[in-house]
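Positions are given from 1, in the same order as the sequence printed here. Nothing here was measured: the structure is a model prediction, and the numbers come from that model.
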Amino acid sequence: MDLRLVAAPGPDDIALVPLRPEALDGWLARQPARVREWTECNGFGAAEGSLCPVPGTGGRIRCVLVGLGPAPALWSLAGLPARLPPARYHLDGGGVGLAADPAALGWALGTYGFRRYRSSADEGEWPSLVWPEDADRAGVQRTAEAVFLVRDLINTPAADLGPAELAAAAEGLGRRHGAGVTVTVGDDLLATGYPAIHAVGRGAERAPRLIDLVWGDEAAPKVTLVGKGVCFDTGGLDIKPAAGMRLMKKDMGGAAHVLGLAAMIMDAGLPVRLRVLVPAVENSVSARAFRPLDVLNTRKGVTVEVGNTDAEGRLVLADALDEAGREAPDLLIDCATLTGAARAALGPDIPALFSNDDALAAALLTAAEAEDDPLWRLPLWDGYRRQLDSRVADLSNVSDSPFGGAITAALFLREFVPAGVAWAHLDMMAWNVKSRPGRPEGGEAMGLRALFAAIQGRFS
């Protein structure tokens, strides 16, 4: 993967000088008069996103001043690959010293583009950045590749990424890292005890399946990841309106996240026994589709009344979480584009974090802050659990209240997590609703870097 990061500096490299407004005067005071005059004439004040190429001798660029404003270090350079003319650049620490890893990662993320369906493969020339000194090159490469994998999977239209293609992506990942991958398809889900996954996916022409990836030493601490893999969600018989259905190719965003996280764990060689479970389905409208007020069985044996067929993600996760819990893993994490209620509460950029373990939640929030990869904890409020009661089954898949939908969805999932297993649930958008430097509109990895950092800190 070409991240436009190059190893060795050269004599013709152009210096990038990152500056914040409060540091600008100090930097200018150390420069020749012509540089100060040029900067003043161009009105450069180091505002976020501003650039000021400074000419040198012979018509060449002496350096480029980069305004940081209050931008976090990770995104400080992310807009530059698309804005700078093709050349080789290096960071000049004479402005504001940027930490090597986030600077390099931000640059790398700024090179991303989803180009699969472009009629021309010619991307033109791009600028390159010399690796900042002391950068963890393997770590930056690993993170960027995982983010690109997540984005690519989410951005791919559902016509080209159904349950079979999602399974193929997991199998390819397994081959790359020496992991075993088992896929249970169609009616075999019933034979092997995954009735809820089967029920949700049976209405589609493309058969549902459970993807099961295993990697690492069986004697190592067990880390299990579960990702919602609804490759397209019409809402089922409780069909979504057009506006609500438009982005539903991203409803497998949780699956994309756990595959990206698995790639990071395996590439880093963390001393864990990793398992990844992805229930991959399409929630479609057909004569075989499950219906409102149907009662479904689950792998756990708990019966669920279907209050709404558009609350299908928690049903497929129920079977996967129960399977995950049977091994009593040391850590269980699920990722899902689960509720609009979480978006209403926190907006599109911040995944909601739920956990039954305060120490785990604290570690995730600490990692989120350190990695500039935000999470926000919401409560597993037991007072709302009664809203999931059903008159005819053990549970309903939806609350009888219009309030607290992200919480009641998390409480539903908790019913399928064994007591004593440290568990975290991330309810995420997995989509940038507008473009920003390094974060183009479209599929996005949210919480991925925080999850990896917390897992690495817990088990290294």
Side-chain angles (χ1 to χ4, degrees), residues 74 101-102 105 109 139-140 142-151 153-154 170 173 177 213 215-216 221-229 252-278 317 320-321 324 329-338 342 346 349-378 410 413 417 421-431 439 443-460:
L74 175 61
D101 288 357
L105 180 59
L109 295 180
V140 170
R142 172 188 311 129
T143 303
E145 289 183 355
V147 171
F148 287 9
L149 172 63
V150 174
R151 290 176 176 178
L153 288 172
I154 296 171
L173 189 65
H177 294 283
L213 179 150
W215 172 89
K222 290 181 170 59
V223 174
T224 301
L225 312 176
V226 177
K228 175 186 170 184
M252 38 60 64
H257 276 73
V258 297
L259 291 178
L261 181 55
M264 296 179 74
I265 291 170
M266 293 187 290
D267 183 78
L270 296 189
V272 299
R273 188 274 205 167
L274 174 68
R275 189 179 188 191
V276 180
L277 292 165
V278 174
L317 289 172
L321 287 169
D330 298 272
L331 179 62
L332 174 58
I333 295 171
D334 79 78
C335 296
T337 52
L338 203 63
L346 301 177
D349 295 342
I350 307 173
L353 165 66
F354 296 87
S355 181
N356 63 358
D357 185 294
D358 289 341
L360 171 59
L364 287 168
L365 293 174
T366 298
E369 183 173 2
E371 297 294 322
D372 187 29
D373 196 16
L375 302 171
W376 196 267
R377 190 180 186 186
L378 295 181
L413 297 182
V417 176
V421 171
W423 164 65
H425 159 59
L426 271 63
D427 186 340
M428 58 185 55
M429 177 76 167
W431 189 268
R439 293 154 287 180
E444 185 58 283
M446 296 179 171
L448 181 71
R449 291 175 285 109
L451 287 169
F452 176 76
I455 293 170
Q456 186 178 44
R458 189 179 181 106
F459 295 106
S460 292

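- One finds the CG atom of L74 at 8.5 Å from the CG atom of D373 (value rounded to the nearest 0.5 Å).
- Between G253 and A430, the shortest heavy-atom contact is CA-CB, 4.2 Å.
- When side chains are defined from C-beta on, K222 does not count as touching R275, because their heavy atoms never get closer than 4.5 Å.
- A 4.5 Å side-chain heavy-atom check between V223 and R273 finds every atom pair outside the cut-off.
- Judged by distance alone, the side chain of D357 and the main-chain N or O of W423 form no donor-acceptor pair under 3.5 Å.
- If you take OG1 on T337 and CG on L426, they are separated by 12.0 Å, rounding to the nearest 0.5 Å.
- Residue L213 holds its CG atom at 6.5 Å from CG of L274, rounded to the nearest 0.5 Å.
- In this structure, the side chains of R439 and R151 come closer than 4.5 Å at one or more pairs of heavy atoms.
- A search for ring-ring contact (aromatic ring centres under 6.0 Å, His included) contacts involving F354 returns H425, not counting sequence neighbours.
- Here E444 contributes atom CD and D349 contributes atom CG; the two are 9.0 Å apart, rounded to the nearest 0.5 Å.
- With hydrogens and angles ignored, the 3.5 Å screen pairs no side-chain donor or acceptor of D427 with any backbone N or O of A352.
- Between L173 and A262, the closest heavy-atom pair is CD2-CB, 4.4 Å.
- In terms of modelled atom types and a separation under 3.5 Å, the side chain of D334 and the main chain of K228 share no donor-acceptor contact.
- Each of V258, L332, V276 was compared with V226 under the side-chain contact (heavy atoms from CB on, under 4.5 Å) criterion, and only L332 meets it.
- Between M428 atom CE and L338 atom CG the span is 10.5 Å, to the nearest 0.5 Å.
- For the pair C335 and L225, the minimum side-chain heavy-atom distance is 4.5 Å or more.
- Smallest separation of non-hydrogen atoms from P329 and T224: CB-OG1, 3.6 Å.
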Which donor-acceptor pairs under 3.5 Å do side chains of residues 446-460 form with protein atoms, sequence neighbours excluded?
| residue | atom | partner | partner atom | Å |
| --- | --- | --- | --- | --- |
| R449 | NH1 | E371 | O | 2.3 |
| R449 | NH2 | D372 | O | 3.3 |
| S460 | OG | Q456 | O | 2.7 |

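- Scanning both residues, I154 and G443, for their nearest heavy atoms gives CG2-CA, 3.6 Å.
- For V278 against A255, the heavy-atom pair with the smallest separation is CG1-CB, 3.6 Å.
- The minimum heavy-atom distance linking L277 with A320 is given by the pair CD1-O, 3.6 Å.
- The main-chain N or O of M266 is never found under 3.5 Å from a side-chain atom of W215 such that the two would form a donor-acceptor pair.
- Interatomic distance, CD1 of I265 versus NE2 of H177, reported as 11.0 Å (0.5 Å rounding).
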